[in-house]
Amino acid sequence: MLSMAVMVVSCLASGLSTQAAGRAECRSMRSKILARAVSYCVLLPPSFDAEKLRRYPVLYFLHGLGENEQVLLNFGGWNLIEDLRERKQLGEFLIVAPDGGRSFYINSRDERVRYEDFFIRELVPFIEPRYRARRERRYRGISGVSMGGYGALRLAFRFPELFGTVSAHSAVLVEKLPSGRFSDAQRTDLSRILGGAFGTPIDAVFWNRTSPFTLVRNRARPTGLGIYFDCGTEDTFGFDAGARTFHDLLVSRGVLHEFHLYPGGHDWSYVAQHFGASLQFHSRAFGFGPANR
């Protein structure tokens, strides 16, 4: 956990000029809902410090299980972002990465970790005025990897009035938990993957109630929500099957989206190959084209 002191990271990608580089600012904020400090990093675009009156689109990035708010700094995501900007393939927008712990970005089954409430009621209202984010829906996106992909899809479909775009890589998409009694090994694997947010033992009814599949089936078709997701065909946990099923569900509901299956497993090597595509997806939706990057 970061202290309340600021940790500012100068992130100059290799070979980039100082003028072209942005910076990352990592801090923590106090949450009344979670009753603790929550760490976050904001990746600031190159013009942020010089153009004091400029307001920026914002992309919330949700990390996977076992990672934290610094995941983009630790796994090369920042260098990719700066490289795309240097090559004029990405517009200038904020990227906000909060620490999600093992929460799956939901209010937990036992209500002890109300992460969804924190995210919507505290984090977004805290971040956006502080970092001059544009508050119109079309300029607010959300993205994530694995657990964070689940969280991004779920939050976007649950609060479509807040988000104009959503993307996910290797999202934890499981339409239904295995039926019948779990073996000890299955129970251990599921607990490890799902992180305890859905109950211990896992509550299948709660899992289904909170699922992105259920949100798509039971809610009105979202209007104007841009959707992108992909998954590796050799995903370690079989989430590619869930991704295909989610794609089929969206098609059956007439929900426009972009979906891809690519060779690869469930790791950062896979994500690194396709992270640029989702960044550019959000950048285009924010209105950055060849003439206005």
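Ring geometry, Trp268 versus Phe75: the interplanar angle falls under 30°, so the pair is classed parallel (tilted spans 30 to 60°). Taking the six-membered ring where tryptophan is involved, the planes of Tyr262 and His260 are essentially parallel, since the angle between them stays under 30° and well short of 60°.
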Determine whether Arg134 and Glu136 satisfy the following criterion, salt bridge (Lys or Arg N to Asp or Glu O under 4.0 Å), listing intermediate values before the conclusion.
CA-CA 6 Å; Arg134 301 191 64 166; Glu136 305 97 318; 3.1 Å; yes
Could you go through the side chain to side chain contact (heavy atoms under 4.5 Å, CB included) check for Leu90 and Asp83 one step at a time?
CA-CA 9 Å; Leu90 203 67; Asp83 183 58; over 6 Å; no
Pair His63, Tyr105 - check side chain to side chain contact (heavy atoms under 4.5 Å, CB included), show working.
CA-CA 10 Å; His63 65 75; Tyr105 307 94; 3.5 Å; yes
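Under a cutoff of 6.0 Å and an axis angle of 45°, Arg85 and Phe93 form a cation-pi pair. Cation-pi geometry between Arg23 and Phe48 is not met at under 6.0 angstrom from the ring centre and within 45 degrees of the axis.
With hydrogens and angles disregarded, a donor-acceptor distance shorter than 3.5 Å links the side chain of Arg219 to the backbone of Arg158. Listed for the Thr214 side chain is a donor-acceptor partner under 3.5 Å among the backbone atoms of Asn208. Without hydrogens or angle criteria, Tyr115 side chain to Phe104 main chain gives no donor-acceptor distance under 3.5 Å. Under the 3.5 Å distance criterion, the side-chain polar atoms of Arg109 are left unmatched by any main-chain donor or acceptor of Asp203. The backbone N or O of His266 sits nowhere less than 3.5 Å from a side-chain atom of Ser170 that would complete a donor-acceptor pair.
In this structure, Arg217 places its CZ atom where more than 12 heavy-atom neighbours from other residues, nucleotides or ligands lie under 6.0 Å away. Enclosure of atom CG in Leu256 is not indicated, since only 12 or fewer non-hydrogen atoms of other residues, nucleotides or ligands lie within 6.0 angstrom. No more than 12 heavy atoms of other residues, nucleotides or ligands shown are found within 6.0 angstrom of CZ on Arg130.
Looking only at atom types and distance, the side chain of Glu92 has a donor-acceptor partner in the side chain of Ser47 under 3.5 Å away. For Tyr270 and Asp235, the side-chain atoms include no donor-acceptor pair closer than 3.5 Å.
Hydrophobic clustering, with ILVMFWY side chains joined whenever heavy atoms are under 4.5 angstrom apart, keeps Val205 apart from Phe198.
Annotation: side chain to side chain contact (heavy atoms under 4.5 Å, CB included) contacts of Gln273 (sequence neighbours excluded): Ser269.
The side-chain contact (heavy atoms from CB on, under 4.5 Å) test with Phe246 singles out one residue from Leu173, Ile227, Val174, Val251, and that residue is Leu173. A side-chain contact (heavy atoms from CB on, under 4.5 Å) with Phe118 is found for exactly one of Glu116, Arg114, Glu122, Arg121, namely Glu122.
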